[in-house]
Amino acid sequence: SFKFLSKMEDVKSFLKSNKIPYTEEIQSNKGCVPDVPWTLLHVKGSITLIFAKERLWEIYLEKGFSGQLPNGVKIGIPLLEAQKMDPTLKFDEWNEEFQSENGYWLEDDLDDGTVLSITIYIKEVENDDAFYSYRWAE
């Protein structure tokens, strides 16, 4: 039920009020372009919520997360099945992940060919130039 561009304090309040434990990590991204620090809220063993400029812009789902995307893609299914569910999934050599035109990418488990993780993001900020110039909600 998290929405992109939600304020970090609102998400923290939600987690606390629902007694969902999390840890917080800050990545400074010094020297990166753009030089925008990220705050990561890790909910143990299932999800990481990633904030830039105090707004939620990326959600990382890992083993332990039991939900699925609207198209049926979920952690643990065979990658070939995920590709049938979303024919836009293409392997990105640079990042070594399968990217979808629908605003997410998959990491596969090389040992058994299943979906290991899913990262959902604001599609408009998928490249550095767009991320830096994106008009983040106030």
Side-chain angles (χ1 to χ4, degrees):
S1 66
F2 297 109
K3 294 184 179 173
F4 285 116
L5 298 178
S6 293
K7 293 179 182 178
M8 185 168 50
E9 286 309 313
D10 293 343
V11 173
K12 284 181 177 182
S13 293
F14 174 84
L15 294 172
K16 289 175 185 173
S17 68
N18 287 282
K19 297 180 176 32
I20 300 172
Y22 67 90
T23 58
E24 186 172 333
E25 172 189 358
I26 297 176
Q27 292 182 352
S28 70
N29 292 327
K30 292 288 182 200
C32 293
V33 176
D35 189 350
V36 176
W38 297 351
T39 301
L40 289 73
L41 302 182
H42 301 282
V43 176
K44 187 177 180 180
S46 64
I47 188 170
T48 298
L49 304 166
I50 303 166
F51 297 82
K53 300 185 179 185
E54 303 292 318
R55 299 293 182 150
L56 179 62
W57 77 278
E58 187 174 282
I59 301 171
Y60 175 75
L61 310 169
E62 59 187 304
K63 192 174 183 177
F65 179 79
S66 60
Q68 65 183 28
L69 298 179
N71 63 7
V73 172
K74 60 184 176 180
I75 307 293
I77 66 169
L79 182 61
L80 291 174
E81 187 177 330
Q83 289 174 307
K84 288 177 186 172
M85 294 172 172
D86 182 353
T88 73
L89 280 168
K90 304 289 183 233
F91 187 70
D92 177 359
E93 299 275 339
W94 177 258
N95 293 309
E96 297 183 349
E97 297 171 323
F98 289 84
Q99 293 190 343
S100 169
E101 293 175 6
N102 298 309
Y104 69 92
W105 68 80
L106 305 176
E107 178 184 11
D108 62 323
D109 186 326
L110 297 176
D111 293 331
D112 64 9
T114 60
V115 174
L116 184 64
S117 70
I118 301 170
T119 303
I120 308 163
Y121 57 94
I122 296 176
K123 195 168 175 1
E124 293 81 5
V125 293
E126 66 186 326
N127 69 50
D128 288 344
D129 291 335
F131 183 90
Y132 188 70
S133 63
Y134 188 70
R135 294 183 60 112
W136 298 84
E138 294 302 321

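Heavy atoms from other residues, nucleotides or ligands lying under 6.0 Å from CD of Glu101 number 12 at most.
Contact check for Asn95 versus Trp105: no side-chain heavy atoms found under the 4.5 Å cut-off. Using a 4.5 Å heavy-atom threshold, the side chains of Tyr22 and Lys16 count as touching. The side-chain heavy atoms of Val73 and Tyr104, taken from C-beta on, include a pair separated by under 4.5 Å. The shortest distance between side-chain heavy atoms of Arg55 and Met8 does not fall below 4.5 Å. Counting heavy atoms from C-beta on, the side chains of Phe65 and Ile118 never come closer than 4.5 Å.
Note: Met85 CE to Asn102 CG = 13.5 Å, rounded to the nearest 0.5 Å. To the nearest 0.5 Å, atom NE2 of residue His42 and atom CD1 of residue Ile47 are 12.0 Å apart. Of the inter-residue distances, the one linking Glu96 atom CD with Phe91 atom CZ reads 5.5 Å to the nearest 0.5 angstrom. The NZ atom of Lys74 sits 11.0 Å away from atom CG of Leu69, with the distance rounded to the nearest 0.5 Å.
At least one donor-acceptor pair closer than 3.5 Å links the side chain of Asp109 to the backbone N or O of Asp111.
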Chi angles and distances behind the salt bridge (charged side-chain N to carboxylate O under 4.0 Å, His left out) call for Glu9, Lys12:
CA-CA 5 Å; Glu9 286 309 313; Lys12 284 181 177 182; 3.8 Å; yes

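Residues Ile120 and Val11 fall within the same hydrophobic cluster, defined by Ile, Leu, Val, Met, Phe, Trp and Tyr side chains chained together at heavy-atom separations under 4.5 Å. In the hydrophobic clustering of ILVMFWY residues, with side-chain heavy atoms under 4.5 Å counting as a link, Phe4 and Ile50 come out together. Hydrophobic clustering of Ile, Leu, Val, Met, Phe, Trp and Tyr side chains at less than 4.5 Å, counting indirect connections, unites Phe51 with Ile59. Hydrophobic clustering keeps Leu116 apart from Ile77 (ILVMFWY residues linked when any side-chain heavy atoms are closer than 4.5 Å, directly or through intermediates).
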